[in-house]
Visitor: 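Could you have a look at this structure, given as structure tokens, before my questions?
Proteins get letters first, then strands, A, B, ... in listed order; numbering begins at 1 in each. In what follows, every heavy atom counts, from backbone to side chain, and hydrogens, waters and symmetry copies are set aside.
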2 protein chains.
Amino acid sequence: MTERATAYRRDGLHGQLVHDLGRQIVTGELPVGAPLPTEEQLGKVYGSGRSAVREATKVLVAKGLVVSKRKVGTIVQPETAWSLLDPDVLAWRYENDPTALHLDHLAEMRVVLEPEAARLAARTKDRTVVRAIQESYHRMEETLDDPDAFIVHDLAFHRAVVEAGGNDLLVHLHSVMEVALAAARQVHTRNVRRNKRTLPAHRAVLDAIVAKDADQASALMREVVTGAAHDIRRDRRTR
Amino acid sequence: MTERATAYRRDGLHGQLVHDLGRQIVTGELPVGAPLPTEEQLGKVYGSGRSAVREATKVLVAKGLVVSKRKVGTIVQPETAWSLLDPDVLAWRYENDPTALHLDHLAEMRVVLEPEAARLAARTKDRTVVRAIQESYHRMEETLDDPDAFIVHDLAFHRAVVEAGGNDLLVHLHSVMEVALAAARQVHTRNVRRNKRTLPAHRAVLDAIVAKDADQASALMREVVTGAAHDIRRDRRTR
DNA sequence: TGTAGACCTTTCGTCAGACAAAAGCATCAA
DNA sequence: TTGATGCTTTTGTCTGACGAAAGGTCTACA
């Protein structure tokens, strides 16, 4: 089993600082163009020394959230400069009141990724990765009445498909999207009826992959993820 | 015009350290599982103090390349932990002898992204972004005999399409891929004949977007990028 | 009055030295 | 053999210091 994209560890003083400042920036509490407090001030506020503050801001610089200049200070960068695909940035965005637009973008990304991933999976010659997909599917069947478990296996199914494609970049991108998905808890609605409806669609994808019918696998996967996107939108309206 | 994904600035002492160490890790000069020299040693080697070294390693930690533990040292992480979609990591990988497999993955990513981006573009209601695509296309026409200029406008065309989709995440992902593409110089072959061949295909994509025919736009864009992927493979064989 | 240049101040960039804390390792005892 | 104890190494953090860049101010001169 491949690992998930990993977030910056929250332990240690500077880890805390990174998350605190990062969240404030991404949520707009610290507005674009504004300077952070000086290193000395931050040190005082957080009861830490300058070194910890500096190590934290260096990480934020690496994520494109700020730039530092002598005498000017460290300035919050415009959103276009942010590393949106960084697991932390994504988590900060999606765990703090993501807008409807942001959720749509997330769903769109799945529509971008997964059909093509299914196509690649159908072309693979490695039978073991296909078996991983099958196993996840069977677990979905078995846990049809246990929504929480179902979600886990549903995610595993999609991940297995992407991994079967054998493309590093794609696998990584997918794992990053999972982080965002997990942060935006609302996306996973526990709904047995809906699960019963989507199960056959997953089955169809699996069969197409096993049959090595790439076009079909892609088209069917497209159905699955666009269906999920519509569900998200519907949930939003009816709430 | 939106900005590109931005790489970590190479200036300053720690900037230099980040790039030096990062490159060594991604190229495998520093093998997975091995410890970096101690902070003290690195400081001596680079003629710097410990603070600069520490700020650099913090950035590498943020990119998932290493982890630090007391007494153990700073250890190179397995590739599955790397932030492959980080502009720096990508550049380090693709500017230092990218393998054939890596280049294929890059091309595949374009096939993943761009057709769906074209579909979204065809659905947009904002006419100005469509005009941006048109302008890029016309520049391509005009510079058909100047391969270097053609590449620039070709890239601008594809970028304009992605931006027309209006999805932050997608735009960012595309800009990151551009970084990799730029790092792997070999990908842009200057070939007037080939450009003459692909121009009508681009035109067809443009027309479909203008006509708001989403399915058609997607299918045609798929042609364009799979064609490019094949060209890359062919170039490799004939060299 | 307007402008160029010298100066002053703020803030990040870096160094040096110190101690704390974790974690491996060796040593010693039961 | 096993388990506890203490030693040592390496990162984590603090403090204090100085350098360098960049904005602001003031003065001298045209």
Visitor: To the nearest Å, how far apart are B/Gln41 CD and D/dT9 P?
Guide: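 Interatomic distance, CD of B/Gln41 to P of D/dT9: 12 Å.
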Visitor: Without swapping roles, check the side chain of B/Thr38 against the backbone of B/Gln41 for a donor-acceptor pair under 3.5 Å.
Guide: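 Answer holds: yes.
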Visitor: Measure CD/A/Glu39 against P/C/dG13 and give the value in whole Å, please.
Guide: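 After rounding, the reported distance stands at 6 Å.
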Visitor: Figure out the CD/P separation between A/Gln16 and D/dG12, and round it to whole Å.
Guide: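 In whole Å, D/dG12 P and A/Gln16 CD are 16 Å from each other.
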Visitor: Can you sort out which residues in residues 55-66 of chain B have a heavy atom within less than 4.0 Å of DNA chain C? Ascending by number, please.
Guide: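 DNA chain C contact set from residues 55-66 of chain B: none.
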Visitor: Would you please test B/His158 and B/His202 for side-chain hydrogen bond (donor to acceptor under 3.5 Å, both in side chains) and show each step?
Guide: CA-CA 9 Å; B/His158 289 273; B/His202 282 79; 3.1 Å; yes
Visitor: How long is the line joining CD of A/Glu40 and C1' of C/dG13, in whole Å?
Guide: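 In whole Å, C/dG13 C1' and A/Glu40 CD are 15 Å from each other.
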Visitor: I need a per-nucleotide contact map over nucleotides 14-24 of chain D, read 5' to 3'. Cutoff is protein heavy atoms under 4.0 Å; write B for the base, S for backbone only, - otherwise.
Guide: B--B-BBBB--
Visitor: Is there a donor-acceptor pair under 3.5 Å between the side chain of A/Ser175 and the backbone N or O of A/His172?
Guide: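 Yes, because the side chain of A/Ser175 sits within donor-acceptor range (under 3.5 Å) of the backbone of A/His172.
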Visitor: Whether the B/Thr74 and B/Ser68 side chains hold a donor-acceptor pair (N or O, under 3.5 Å, no angle test) is what I'd like checked.
Guide: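 Yes.
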Visitor: Counting only side-chain N and O atoms of B/Arg54, is one of them less than 4.0 Å from OP1 or OP2 of D/dG12?
Guide: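 Yes, within the criterion.
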Visitor: Expressed as a whole number of angstroms, how long is the span from A/Asp11:CG to D/dG12:P?
Guide: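 Going from CG in A/Asp11 over to P in D/dG12 covers 9 Å.
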Visitor: When you check the side-chain N and O atoms of B/His14 and B/Tyr46, is any donor under 3.5 Å from an acceptor?
Guide: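 No pair is found: no donor N or O on one side chain lies under 3.5 Å from an acceptor on the other.
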Visitor: If you compare every side-chain N and O of A/His14 against the phosphate oxygens of D/dG12 (OP1, OP2), does one of them come in below 4.0 Å?
Guide: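 The answer is no; no side-chain N or O of A/His14 sits under 4.0 Å from OP1 or OP2.
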Visitor: For A/His102, give me all partners under ring pair (Phe, Tyr, Trp, His ring centres under 6.0 Å), at least two apart in sequence or on another chain.
Guide: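 Applying ring pair (Phe, Tyr, Trp, His ring centres under 6.0 Å) to A/His102 gives none.
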Visitor: What is the minimum heavy-atom distance between A/Ala62 and B/Val59, and which atoms define it?
Guide: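 Closest pair (atom of A/Ala62, atom of B/Val59, distance): CB-CG1, 3.8 Å.
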Visitor: Just checking, any donor-acceptor pair under 3.5 angstrom between side chains of B/Thr128 and B/Asp126?
Guide: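 Distance-only check passes for B/Thr128 and B/Asp126.
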Visitor: Between B/Ile75 (CD1) and D/dT10 (P), how many Å, whole number?
Guide: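 In whole Å, D/dT10 P lies 11 Å from B/Ile75 CD1.
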Visitor: Answer yes or no: is there a donor N or O on one side and an acceptor on the other, between the side chain of B/Trp82 and the main chain of B/Gln77, under 3.5 Å?
Guide: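 The answer is yes, because a donor-acceptor pair under 3.5 Å joins these two groups.
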